[in-house]
Amino acid sequence: MTAEHLLQNLNAEQREAVLHEGGPLLILAGAGSGKTRVITRRLAYLILARHVDPMRVLAITFTNKAAREMKDRVLELVPRSDLWVSTFHSMAARVLRREAAAIGYKNDFTIYDTYDRSQALRAVVRELELDEDVYKPGPLGHQISARKNRGLAPGASDPDVGHVDPNYSKIEISYAEKMKQCCAMDFDDLLLKLLELFETRPEIGERYAKRFEHVLVDEYQDTNPTQYKITAALSKGTRNLCVCGDPDQSIYAWRGADIRNILDFERDFAPVTVVRLEMNYRSTKNILAAAQGVIEHNSRRRAKVLKSDAAPGEKLSMIESVDELDEARSIVATIRSLTGGKNIKLKNGEPARLSDVAIFYRANFLQRALERGLRDAGMPYRVASGLEFFERREIKDIIAYLKLLINPSDNVAFERIINVPTRGIGATTLEKLQNEARRLGCGLYEAALDRHVRAGFAARTRNAVEAFLGLLDRLKLLIDGRAESAVAEIVYATDYLKYCGDLGDAGDVDRVENLRELEVSAREFDTREPGAGARGFLAEVALVSDTDRINGDCDRVTLMTLHSAKGLEFPIVFIAGVEDGLIPHRRAIEETSGTDGLEEERRLFFVGITRAREHLYLTRARYRTQFGQRGGLFEAETAPSRFLDEIPDHCLQWTRREDSFVFKSSGNHKSNEDSQYSQIDPGGQFGDAEAQVSDEPALQAGMRVRHARFGEGKILELRGSGANARAVVKFRSGDEKQLLLQYAHLELL
DNA sequence: GAGTTCTACCTTTTT
DNA sequence: GGTAGAACTC
């Protein structure tokens, strides 16, 4: 590869961005404008043509997966170029592991995720003897995070609010102390401590600023104030800072991102070269027109129109189905019609495959129904979003062992595993240990190691605790070895597989599977990062999300949230749950002041639309189950998203799936998939009289029935028809419930 | 101290 | 409908 090659197939603006020599550069890259290509070429060009030492280039991405991809793509252009590509968080962790002593931490500090943070906060509230119903760990953590991101010290008063609840201040202070004591940092701490390091030890900051001759930050519209300061600190020396982003794709204000970072970049880093990439190479004209129509409704926005040479392509489809299961089926049916081999060909001339298809949704709970639909239809899929693997109990348990072995001060890990698998150490013993630890001013593990402390326990407890300590002692050797053997040994030595069986629930097979998978990813890590070992594995695992775990080489449909879809593209895209209250999300509108919340929702929808290259389907369920039976089921029909009105009419075709369809389908999913769609009939009433599933006896008022959950009761009244058929039942408990027959599975007595 | 059932809450989005 | 912690029972 020569430098000349790196400039091929670039338009004038892209070329300018690649060639820009030094000094602050702002790349305003519209959706689908070839940003990734520009960035990777630029990095390669720096190395090949300007002979910058790869070691002296720092590139920051939004996710670990993006980091890996960027690194791979640069390696394709320039083999053996050892760039530093990572997220802000892993970059911070990496620097801090090296420099921890300078801010009074040990190198082996633990990284707490949101769950660990909640555990720590729960403990704090308990220690302070405050009301746990008032001070809930989730919201507390959120608030602490928000305050940290605004640069407020623990317990500091908030100039914008004035009065701060003194109990809250106490919690915040104790939490900070606890983190210090456990030698732990949460996600926000990683960034803040890095900044603290740079500020309190300027010579260290300068060393890094000097080391990085070029700094590049991708997705700059989603950086928060702390990240802004880190960026500024790192690029202070050379001023060779290139940031890249799109204000229209800013979707992380809720976690402290500040869109002003990108809007004010020109002012803050003046003089700045600005390159605008506005030629869209990704989507059909129809998709682009829809995206443009939507985003133009944002008032706080610099006008920008994406250009395109593409063909108009197909219209977008809006499919309105009966309920969430029907929605899933409609998606399956559509995918089948697109990918069945003889069917459509994509622009590249290849027939569409399942891996060309992605399904996006606003909230994780939508995933379940979609998955069910796909699974029932036997359609392979993979889920690339949210809390899955690393949130699993068994995974967290094994990781907690690793954490404690590496960082013996980690009280949260200690509490998690002292009795997992169960070994006869209960709440009483733990409480004693906590008291002793407080008295001695040490961690729980250290307290347990003290024989005087253990002397206070009953013989049986003492034995159990000593067995536990012995176990840890034997495992200790593992932390300097390979990640795979550490994981495998912990599972083996704790007899964890047996414990999985003892839990006696339905999930034990999955648990064993998951543990296998953990071993596999440990092995992969060992191969990928030879020498990093168990320590390195733990460090990585703490910052890795599930999104990072998906790999592209299998022929499956991909499911993910709209947020994790950012930066990706697919030939065929479905966005499910395009309903008001979901997109835009109810809480985004309610909780955020003014129109900001709504505008961010609109950007999120825009991000979703612009992921699609050729085919875009929007779907909605007219009735959506939320909170099981209690929620949305009995509420009025969902409303189509208000954003749909913003899509030009000529781009969008509406389709409505009929009600009776669901009933015919009951029990036999296969038959539905090729069932007909019907064109919307504005005047027509769809509800028909076939209220009952054919093989179920007709219900009548007065009949006695049993419900799986509510028990026995009497039908007072029957209402509605079709999918809407309901029974009002008075149960023994005295409760009167309205149940949808379709779901209630009432048993006749 | 362990195991079972009960209850509340949940559903924004993630490093 | 599913989870996680609390309350309750043995």
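Residue numbers begin at 1 in each chain, while the letters A, B, ... track the order of the sequences. Source: prediction; values computed, not measured.
- Nearest to the side-chain atoms of H585(A) among the listed nucleotides dA6(C), dG1(B), dT11(B) stands dT11(B).
- Taking atom NE2 on H142(A) and atom P on dC9(B), their separation rounds to 19 Å, with Å as the unit.
- The 5' end of DNA chain B is approached more closely, in terms of each residue's nearest nucleotide, by G426(A) than by the other of G426(A) and L604(A).
- In this structure, of dA6(C), dG5(C), dT15(B), it is dG5(C) that holds the atom nearest to the side chain of R122(A).
- A donor and an acceptor atom, one from each side chain of E219(A) and Q221(A), are located under 3.5 Å apart.
- Closest contact between the side chain of R255(A) and the listed nucleotides dT13(B), dT15(B), dG1(B) involves dT15(B).
- The phosphate of dT14(B) has neither OP1 nor OP2 within less than 4.0 Å of any side-chain N or O from T114(A).
- Nearest to the side-chain atoms of T422(A) among the listed nucleotides dA2(B), dT13(B), dT11(B) stands dA2(B).
- For S564(A), no side-chain nitrogen or oxygen approaches OP1 or OP2 of dT13(B) to under 4.0 Å.
- Projected onto DNA chain B by closest heavy-atom contact, T429(A) and K136(A) fall at different nucleotides, the more 5' of which corresponds to T429(A).
- Within the structure, a side-chain polar atom (N or O) of N419(A) is placed less than 4.0 Å from OP1 or OP2 of dA2(B).
- Ring pair Y496(A)/Y499(A) is perpendicular by interplanar angle, where above 60° counts as perpendicular and below 30° as parallel.
- With hydrogens and angles disregarded, a donor-acceptor distance shorter than 3.5 Å links the side chain of Y105(A) to the backbone of A184(A).
- Comparing dT15(B), dG1(B), dT14(B) by their closest approach to the side chain of T428(A) singles out dG1(B).
- By the 4.5 Å heavy-atom criterion applied to side chains, E394(A) and L518(A) are not counted as neighbours.
- Closest to the N364(A) side chain, of the nucleotides dG1(B), dT15(B), dT14(B), is dT14(B).
- Residue contacts for E600(A): at a heavy-atom cut-off of 4.0 Å it reaches no nucleic acid atom on any strand shown.
- Remark: ring of Y252(A) not stacked against base of dT14(B); the cut-offs of centroid gap under 5.5 Å and plane tilt under 30° are not jointly satisfied.
- By the 6.0 Å contact criterion, CZ on R375(A) is enclosed, its count of non-hydrogen atoms from other residues, nucleotides or ligands being greater than 12.
- Annotation: dA6(C) and dT11(B) have their C1' atoms spaced 22 Å apart (nearest Å).
- We find that NZ of K566(A) is positioned 11 Å from C1' of dT15(B), with the value rounded to whole Å.
- Out of dT13(B), dC9(B), dG5(C), the shortest distance to the side chain of Q119(A) is found at dG5(C).
- Side chain of F365(A), nearest nucleotide from dC9(B), dT11(B), dT13(B): dT11(B).
- Summarising the geometry, the separation between CG on D218(A) and P on dT15(B) is reported as 15 Å, rounded to the nearest angstrom.
- Note: F605(A) and F643(A) have parallel aromatic rings, judged against thresholds of 30 and 60 degrees for the angle between ring planes.
- Taking 4.0 angstrom as the limit, R368(A) places none of its side-chain polar atoms (N or O) nearer than this to OP1 or OP2 of dC10(B).
- Protein atom CZ of R423(A) is 13 Å distant from nucleotide atom P of dG3(B), rounded to whole Å.
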